[in-house]
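Note that the structure is a prediction, hence the values are computed from the model and not measured. Proteins get letters first, then strands, A, B, ... in listed order; numbering begins at 1 in each.
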Amino acid sequence: MQRMLLLGDEAIAQGAIDAGLSGVFAYPGTPSTEITEYIQQSEEAMEGKIRAEWSANEKTAMEAGLGMSYAGKRAMVCMKHVGMNVAADAFINSAITGANGGLIVVVADDPSMHSSQNEQDSRFYGKFAMVPILEPVNQQEAYDMIRYGFELSERFRIPVMVRITTRLAHSRAGVVRKNVLPQNELSLPGNPRQFILLPANARKQYKGLLRTQELLRDESDRSVFNSYYEGKDKSLGIIACGIANNYLLENYKNGDFPHPLLKIGQYPIPKTLVERIYDECDEILLLEEGFPFVEEMLRGFLDKGKPIKGRFDGTLPFDGELNPNLVARAMGLEDTSGMPIPDIVKARPPSLCKGCPHIFSYNALNEALEKYSKGRVFSDIGCYTLGALEPFTAIDTCVDMGASITMAKGAADAGFVPAVAVIGDSTFTHSGMTGLLDAVNDNSSITVMILDNATTAMTGMQKSSASGKIENICMALGVEEEHIRVLNPSPKYHDVNLGVIKEEIEYEGVSVIIPRRECLHLAARRIREEKKKKERETVK
Amino acid sequence: MTKDIILAGVGGQGILSIAAVIGTAALDAGLFLKQAEVHGMSQRGGDVQSNLRISDKEILSDLIPYGKADLIISVEPMESLRYLPLLSKNGWLITSTTPHINIPNYPDIQEVILEIEKLPNHVKLDAKGIAMELDARRSENIVILGAASPYLGLEYAWLEKAIATIFKSKGEDVIQKNLDALKAGREVAENSRPLKIT
Ligand SMILES: Cc1ncc(C[n+]2csc(CCOP(=O)(O)OP(=O)(O)O)c2C)c(N)n1
Ligand code: SF4
């Protein structure tokens, strides 16, 4: 079959399309975004009417995926690692209900925090929920695992997690496609009570999940994604998960690998295989991307068994992603390096684009707050978080999506008034709306600026669920109409904007200010597309 | 044959197009390829980098080990230096000399050039000027690719074909501009140092 050059994310997407996917449900988040974008742009997906619009947040995505599975069809849910915190309620409970149609949850972790607030390891969620986890070693395995994952999910009636990390998600390699499977027909679960988690049913379901664990462990021991390499030198055995295998073998390109090696690509951890390498070798080295998940379990609480090397004992750094050099050092091989970076090279952090509408919102806000003491701006996650940097230094917090409004509320409730929340349009509908309702119900004295640039810019300009709806949402939540103010964040309206922001900051109660102007990149793209469309029409 | 290449620049400078051309040419030649990049904040003027590996054998790591890169191809002079720890002792650095100044503390460009000149193997060129002269303002990146072309281990004709494929949707004019840019860059590399062209 055809060899395609695909990102790890795209391999997952193509793998799902080819495995009879009926719908993908996702909220954007680096490094997972390209999975859904690929399906949105795929002609095959369109022909198959595969549902692929963005969801409002990861929890709504997870629940919709579960609903599609309930109806008997294959569904995939995609998110970045912190998205799993948002989806967790639905995710954990989906393991208790179990699946009907195949259900895959792809979570993309970001060790080294290339574009995230933390580097949490999603395998803990998978283990916590007691569902199988698949962790591909390369793009081809990512493709293959999706097909296998759907089959596994349907065979054991359980959601399956696929865990990837940044490097695989955003690296391209050749992938060989398999045949295309048809989508499932609609079919309801055989047991009509499977999805009713009343305590009496939930207890039964939970016991079922516990019984399945044994079968899942057997499945892991037999899995083609877990393999045992018989090295001769048994002074050391290596257990390597997912892409850590590549970093290891990169160091042995010109010869045979000398030690026993257990490659893990499917969890629960394959017990028989782990036992074997542990018994055969004098010492064990663990290589895993993310938290030392397998290592912690292997050491156990007392860590009194064989010598184990990994992230806990400093053989590898505790934080950050792996690379071939870190693994070389852990193996006692020569570490290589070129020349040092000359001192004259300066950091070049990302910054707000020249002329970005957020700049003018911050200019006005900074000026409006001049007469108050510092530390009053609770912000959120998006392009506008770059307002933390020079020359703006306009914001004081950025924690998790939606936290701007609720943290401002808490501070205002403590008597810290005025308190200002700054949140993007997409973040507002992701998880800002409920916090605004709290503020209205409590009549907390906060000023909420919803920066409406008509898109989810930070992650690459995906459609925003908020577009065209913000004022109505705020009114419906109980914000008074005269305290919902729309501004144009452009330099020529600076004075008007400044006046409005000052007024609303002084108002004791909830007010919402909506600076509204398109993201520059979105505008450029729109103009490009319109031009193209015109050209096409004139050709016709 | 194995070539490990670091592509460097600033968000929006088109290093991914360079990767696409090399990648297409390598695939056409039946080679293996891996290309890792960090997405996310790139459209906002930060530094961007991509690890591009091509080989006639299967490639394992998505990342090039430190000290092992054969080439750094950079669209920006200061950015070319950021990746020196990755470059092998015999590796080549090919860079544009036009600075992209979007930070207040950008170093003196002369000092940057001096650092580049310290390297035994380098090609530096005014890709922007060359692209302007060709009236191909948007092909600065392809000029750089041209200058790197003798070091890629790929035949020149394959690169030409890849350009035709990649820019096909943009029309004949754009393809021709990029072919001109490729050629102009290559001439600089050939003239800057006598070398055996592969
Ligand atoms: C729970 C969670 N999901 C997704 C992300 C990734 N993410 C960061 S910012 C952002 C979008 C911000 O869009 P918007 O609020 O409209 O602001 P803009 O970037 O357009 O200024 C997303 C999706 C995240 N950090 N956390
Ligand atoms: S991408 Fe858009 S929203 Fe983000 S900084 Fe640039 S102009 Fe502003």
Side-chain angles (χ1 to χ4, degrees), chain A residues 3 5 7-8 30-31 33-34 110 114-116 137-139 166-174 243 245-251 253 321-325 328 335-354 356 383 386 390-391 457-461 521, chain B residues 2 10-12 19-20 23-24 27 32-47 50-53 57-69 72 76 78-79 81-89 91 100 102-108 111-112 114-115 118-119:
Chain A
R3 196 180 184 87
L5 191 57
L7 292 176
T30 315
T33 312
E34 290 82 358
D110 189 20
H114 294 286
S115 30
S116 308
V137 71
N138 58 28
Q139 292 75 359
T166 307
R167 292 302 168 182
L168 179 68
H170 284 172
S171 172
R172 233 174 274 278
I243 63 170
N245 282 279
N246 304 334
Y247 298 146
L248 175 68
L249 297 177
E250 179 73 27
N251 287 295
K253 274 196 305 199
E321 62 180 342
L322 298 176
N323 62 43
N325 296 81
D335 193 6
T336 52
S337 184
M339 286 191 271
I341 304 175
D343 291 338
I344 57 164
V345 175
K346 298 292 180 293
R348 198 192 293 263
S351 54
L352 289 170
C353 301
K354 216 168 138 195
C356 168
C383 280
L386 297 170
E390 296 282 350
M458 180 73 143
T459 42
M461 294 183 293
H521 284 275
Chain B
T2 298
V10 178
T24 305
L27 272 205
F32 289 96
L33 176 129
K34 274 203 169 182
Q35 187 224 330
E37 59 208 45
V38 174
H39 304 205
M41 315 258 282
S42 50
Q43 63 188 248
R44 279 151 300 262
D47 52 88
S50 168
N51 283 233
L52 176 60
R53 315 190 75 185
K57 291 193 256 332
E58 189 166 358
I59 302 160
L60 296 168
S61 169
D62 297 279
L63 295 177
I64 299 167
Y66 284 86
K68 294 284 176 76
I72 292 175
E76 208 281 346
M78 182 181 82
E79 292 308 320
L81 298 169
R82 197 184 297 283
Y83 305 99
L84 287 184
L86 283 153
L87 190 64
S88 96
K89 300 276 179 288
H100 183 89
N102 64 349
I103 47 171
N105 55 345
Y106 193 95
D108 176 9
E111 282 184 45
V112 175
L114 282 177
E115 286 291 345
K118 281 187 197 164
L119 294 166

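Interface summary for chain A: among B:Ala36, B:Ser61, B:Gly91, B:Ala19, the most heavy-atom pairs under 4.5 angstrom belong to B:Ser61. Of all the listed residues (B:Leu87, B:Asn102, B:Leu27), the one sharing the greatest number of non-hydrogen pairs under 4.5 Å with chain A is B:Asn102. Ranked by heavy-atom pairs shorter than 4.5 Å toward chain B, the options A:Ile341, A:Asn323, A:Asn325 are led by A:Asn325. In terms of non-hydrogen atom pairs under 4.5 Å with chain A, the most contact-rich of B:Gly67, B:Pro104, B:Ala69, B:Gly23 is B:Gly67. Between chain A and the options B:Lys118, B:Met78, B:Lys57, B:Lys34, the largest number of non-hydrogen pairs under 4.5 Å is found for B:Met78.
Residue A:Lys354: no heavy atom, backbone or side chain, is found under 4.5 Å from chain B. Contact annotation for A:Glu390: neither backbone nor side-chain heavy atoms come within less than 4.5 Å of a heavy atom of chain B. Proximity to chain A (any heavy atom under 4.5 Å) is restricted, for B:Lys89, to the side chain, taken from C-beta onward. Residue B:Phe32 touches chain A through its side chain alone, counting heavy-atom pairs closer than 4.5 Å. Heavy-atom distances place no part of A:Thr166 under 4.5 Å from chain B, backbone and side chain included. Contact of B:Leu63 with chain A is made through backbone and side chain together, with heavy-atom distances under 4.5 Å. In this structure, chain A has heavy atoms under 4.5 Å from both the backbone and the side chain of B:Leu81. A:Pro31 does not touch chain B: none of its heavy atoms, backbone or side chain, sits under 4.5 Å away. Both the backbone and the side chain of B:Glu111 have a heavy atom closer than 4.5 Å to some heavy atom of chain A.
Of the charged side-chain nitrogens involved, at least one lies within less than 4.0 Å of a carboxylate oxygen, so that A:Glu250 and B:Arg53 count as a salt-bridged pair.
Atom CG of A:Asp343 has 12 or fewer neighbouring heavy atoms from other residues, nucleotides or ligands inside a 6.0 Å radius.
Side chain of B:Glu76 to main chain of B:Val10: no donor-acceptor pair is present (N/O by atom type, distance under 3.5 Å, no hydrogens or angles). Although no hydrogens or angles enter the test, the distance criterion places a donor-acceptor pair under 3.5 Å between the side chain of A:Asn246 and the main chain of A:Val137. Checked by atom type and distance alone, the side chain of A:Asn251 pairs as donor or acceptor with a backbone atom of A:Pro324 at under 3.5 Å.
A heavy-atom distance below 4.5 Å is found between the side chains of A:Thr459 and A:Thr30. B:Asp62 places none of its side-chain heavy atoms less than 4.5 Å from the side chain of B:Asn51.
A donor-acceptor contact closer than 3.5 angstrom links the side chains of A:Glu34 and A:His170.
In terms of heavy atoms, A:Leu168 sits closest to A:Ile243 at CB-CG2, 4.1 Å.
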